[in-house]
Every structure is written in structure tokens, then in C-alpha cells.
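Notes follow once the structure below has been shown.
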Amino acid sequence: MAGKTVLVTGAASGMGRATAHLFADEGANVAVTDLAAERVQTVVDEITGAGGVARGWVLDVTDQAAVDRVVAELVAEFGALDILVNNAGMVSGGPVDGPSYLVDFQRTIDVDLTAHVRTIRAALPHLKASGAGRIVNIASTEGSGATKYNSAYVAAKHGVIGLTRALSMELGEFGITVNCVQPGPIRTGMTADIPEEAKTKFARRRVPLRRYGEPEEVAQMTLSLCLPAMSFVTGANVPVDGGLLIQNT
Ligand code: NAI
């Protein structure tokens, strides 16, 4: 990864933070972006403190002008943009006839799906110039199956997988690979409120490896998909889920 520049969205927490760290450990220049300046700075300080190269930007991925500006600034700073990791995400739940459903649905699609298109559009000229551009979209096992009362998130994550496939068709001729990772249950900010007992019960029942995953285990797959050795892999959808999607009982 030495000399490569990577943009990670939602990089102040969970999988995004682990991904930013791992790319930096492997020698990449890392653009750490997230909603809150203080949390972004913490991750930048962690990386630079460990000898890595990182710079932080406050970035709300629902703001196209901000996305365009941050991409321009990080290219000015690092000289290129080779890898885009679309990781930022949120979850909203509730029945389809609930009072706030439509607002929540639109927000969830905006953050979890449309935002990927925003960053890809902004990054594309630079990924083309890179000669070996890489896009990794973070989907979910909810992109293949579904959980009751999670329809906005499920729709968004199914969309991420479709978008990944479609853009792998479109961007292949520019040498850009587009893949997605499907995390299963992972210990991050998003799952922090689930009581430990419920996590254990779920993992025992649903995950062949019988535990929640760690954000670093997902980051390893994201990094792998960006290695020069992965040059012929595109349009793939790789579960990192402890076997959850395989189990049929
Ligand atoms: P997390 O909550 O720890 O991190 C998500 C980050 O995204 C946060 O730092 C948050 O500030 C940021 N974010 C939210 N809205 C944003 C916006 N509009 N603009 C910029 N940043 C924004 O959660 P986690 O789990 O690390 O989430 C990362 C990705 O993994 C998400 O796409 C999520 O849907 C996905 N995922 C998570 C699973 C889990 O079990 N934790 C399972 C499957 C997928």
C-alpha cells in the first residue's frame, strides 16, 4: 500500500476506524473522514502517533458539495486518490406503517446507498488516473437476507450490492475494481447498545463461529480487496460473517 492514497468514510468509529488504521499500517496515506471533528482528529492522532500518514476531514456523506471539496483537498494534499472505501452507515428500524417510517427510510437510503454514488462520482477522475483504482463498498449480511422491521437498512444494503455489481461492469474498462464486503454481526458503535447476553445468544444460534466479529477482521478483507494481488477480482460480494449466511437451520 506504500504510496497509495485511500479515502475512508465513517472512519472515526468501528470498522472505518479499523480500516483507516490497517491501511496506514500497510503504508498508505489515509484520508480519515467522519461527521465530528474531534472524533476524526482522535483517529488521525492515533495513526500519526503510530508512525502512519493520515489527515482528517469533517465530512457528511449526504452533502455532495462537501464530498467534492474533501476529495479535491485530499488530492491536493496527497497528490492522488487510488482507493475509496464507502463505509459510513447508519441503521433505522421500525414497521413500514410507523409514523416516522418514510423520513427514516429516506435518510437511511441517503446515508447507506446514495452516499456511495456521491463519493464514487467525486473520486472517479482520480481513480481513473490511478490506473488501478479500487472501490470497496461496505454492505451487510442484510444485503442478502433480511431482519424483520429493518426494511430501510435491508433495502439500502441490497442496493449497495446491486450498485457494486453494476459499477464493476461500467468501470472495468478503466482498470477500476468495484467490490463489496458483507459484514455479519461486528462489535462496533452500531451494535454497542445490544446487551452482551443478547449478543452471545444470537451468536450461538446464528453464527457458525459462535461469536461476534471484530472490526479489524472486516478491515482485513477490505484491505485484501485493494491489494495488487486482487487485480482480477471485481463485482464480488464477500461475506465476513463467521458463516452466518451459510447456516440454513
Ligand atoms: P459505527 O457506528 O461504529 O461507525 C459508523 C460511522 O459512520 C460512525 O463514525 C458515524 O459517525 C459515521 N456516519 C454515520 N452517518 C454518517 C454520515 N452521514 N456521513 C459521514 N459519516 C457518517 O458502525 P460500524 O458498524 O463500524 O459501521 C460501518 C459500516 O458497516 C456501516 O456501513 C454499517 O452499515 C456496516 N455494517 C455494520 C455491521 C455491524 O454489525 N456493526 C454489520 C454489517 C454492516
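Order of appearance sets the numbers: ligands from 1, and atoms from 1 within every ligand. All residue numbers refer to positions in the sequence shown, counting from 1. Keep in mind the model is a prediction, meaning the values are calculated, not measured.
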(message) If the test is salt bridge (Lys or Arg N to Asp or Glu O under 4.0 Å), which one of Arg211, Lys201, Arg187 qualifies with Glu196?
(response) Arg187

(request) Report all protein residues having a heavy-atom distance below 4.0 Å to some atom of ligand 1; order the list by chain, then number. (result) Gly10, Ser13, Gly14, Met15, Asp34, Leu35, Arg39, Leu59, Asp60, Val61, Asn87, Ala88, Gly89, Arg107, Val111, Ile138, Ala139, Ser140, Tyr153, Lys157, Pro183, Gly184, Pro185, Ile186, Thr188, Gly189, Met190, Thr191

(message) Run the ring pair (Phe, Tyr, Trp, His ring centres under 6.0 Å) test against Tyr149 and tell me which residues pass, sequence neighbours left out.
(response) none

(request) Look at the side chain of Asp34 and the backbone N and O of Ala12, then say whether any donor-acceptor pair between them is shorter than 3.5 Å. (result) yes

(request) Could you tell me whether a side-chain N or O of Thr108 sits under 3.5 Å from a main-chain N or O of Ala152, the two making a donor and an acceptor? (result) no

(message) Could you check whether Tyr101 and Ser151, counting side-chain N and O atoms only, form a donor-acceptor pair closer than 3.5 Å?
(response) yes

(message) If we ignore hydrogens and angles and just use 3.5 Å, is the side chain of Asp241 paired with the main-chain N or O of Pro183 as donor and acceptor?
(response) no

